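In each ligand, atom 1 is the first atom listed, and ligand 1 is the first ligand listed. Keep in mind the model is a prediction, meaning the values are calculated, not measured. Numbering of residues begins at 1 and proceeds along the displayed sequence. Scope of the values below: all heavy atoms of this structure, side chains included, with no hydrogens, waters or symmetry mates.
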Amino acid sequence: EQRETPKKQWSLKDFEIGKPLGKGKFGRVYVARELKSKYIVALKLIFKEQIEKYKIHHQLRREMEIQTSLRHPNILRLYGWFHDDERIFLILEYAHRGELYRLLRKNGHLSEKQAATYIASLTNALAYCHEKHVIHRDIKPENLLLDHEGRLKIADFGWSVQSRSKRHTMCGTLDYLPPEMVENKAHDYAVDNWTLGILCYEFLYGSPPFEAETQSDTFKRIMKVDLSFPSTPPISEEAKNLILRLLVRDSSQRLSLQKILEHPWIIKNADPTVVSSDYKSSTIIA
Ligand SMILES: CC(=O)NC[C@@H]1CCN(c2c(Cl)cnc3[nH]c(-c4cn(C)nc4C)nc23)C1
C-alpha cells in the first residue's frame, strides 16, 4: 500500500527514555517520549545476541511485518523500529493503564458488563486478525493491556519462540491452550475461539477453568473439558451458555466469532460502542 508519509529513520537520539515497564525473555520495555512530537511510546529493546542465540531472526521479522500491518483499535500498534550495534528497538503504542492482568488480580473478578465488553473487543480484534490470515495471537491476560480510556489492546507479537519458551518456563500456562494444541495436533483459527472461552471464564471467576496443581492435571482437565461453574460469584445463565459454546472439544463446533458478537450475553452486557464497531470499518485503508 502507498505510505502516508515517507518512512522516517528513527534512532535512539529521537527519544527520552523513562521508567522500565516490564521485561520479556529477550529484552525490556521502557516508556519513552519522542522528543519532537512529545508523543509517549513504549520502547521494546531486544538484544541481538539473544536473537542469535535463539535463532529467531525470521520469526522476529515475520512478527514485525505482521504487527506493522495490523491496524485495529484493539491491537497495540507497532509504529516502527530501529537498531544499534547490540539491540533492536521496537517503537510501540503506549497503553496508559497497563496490564489487564493486574486489574483482574486487584478486583478478583470482573463484572459481567466489563467481561462482556473485553470479550467483544477481543472478538473484533481476532475477527480482524483472521481476515488477515493471522491466527493464535497467544491471547492471555498477560498479553492484554488497557489504554487511557480502559480500552483493551492485544499487546503480544506472538514471538512464538518467546511465548512457547515462556509456556515451558512459566508453569500453568497450558491453561489457555485447546485440546488440539496440547495434543500438538494441527491447529486452525478455532484455537482463538477456545481461548476466548477460557478468558471469558477467567474474567468472570478470576481464574481459568482448568487450573490445576500440576501441568499434567491441567492437561487432563483440558482434554476432558472438565468444566464446572462455582456457585460464587453468581454468573448469569447466558454467560455460562457462551462459555459452554466455546469450550467445545471439536473445534468445528465452537461458536464462530460472528456468532459470539450476536450472542444474547454480549448484546445485553457489552458496551455498545464496542460491539457495533464493525471491525472491517476499522481497517484503515492506508
Ligand atoms: C514480555 C513483555 O513484552 N511484556 C509486556 C510488556 C510489559 C510492558 N509493556 C507495555 C507496552 Cl508494550 C505498551 N504499553 C504499556 N503500558 C504499560 C504499563 C502502563 N502502566 C501504568 N503499567 C504498565 C506495565 N506496559 C506497557 C508490554
- Which of these, Gly98, Pro20, Ala42, Ala155, has its nearest heavy atom closest to atom 19 (C) of ligand 1? Gly98
- Can you figure out which of Leu145, Leu90, Leu92 has its heavy atom closest to atom 11 (C) of ligand 1? Leu145
- Decide, yes or no, whether a salt bridge links Arg102 with Glu99 under the criterion of side-chain N to carboxylate O below 4.0 Å. no
- Between Arg254 and Glu180, is the closest basic N to carboxylate O distance under 4.0 Å?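 Yes.
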- Task: Would you check if the distance from the ring center of Tyr205 to the ring center of His109 is below 6.0 Å?
- Result: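 Ring centroids of Tyr205 and His109 are no less than 6.0 Å from each other.
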- Query: Taking the six-membered ring where the residue is Trp, are the ring centres of Tyr94 and His96 under 6.0 Å apart?
  - Reply: yes
- Query: Counting heavy atoms only, which part of Lys23 comes closer than 4.0 Å to ligand 1: side chain, backbone, both or neither?
  - Reply: backbone
- Residue portion contacting ligand 1 (non-hydrogen atoms closer than 4.0 Å) for Leu76: side chain
- Is it true that His96 lies under 4.0 Å from ligand 1, counting heavy atoms only?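 Yes, His96 has heavy atoms under 4.0 Å from ligand 1.
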- For Glu93, is the nearest heavy atom under 4.0 Å from an atom of ligand 1? yes
- Between Lys44 and ligand 1, does any nitrogen or oxygen pair lie at a separation below 3.5 Å?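 By distance alone, the answer is yes.
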- Apply the test ring pair (Phe, Tyr, Trp, His ring centres under 6.0 Å) to residues Trp10 and Phe15: give CA-CA distance (whole Å), side-chain angles for both, the deciding distance (0.1 Å), then the verdict. CA-CA 9 Å; Trp10 295 105; Phe15 299 93; 5.6 Å; yes
- Message: One pair to check against salt bridge (charged side-chain N to carboxylate O under 4.0 Å, His left out): Glu183 and Arg249. What are the steps and the verdict?
- Response: CA-CA 12 Å; Glu183 275 189 317; Arg249 176 92 199 242; 3.5 Å; yes
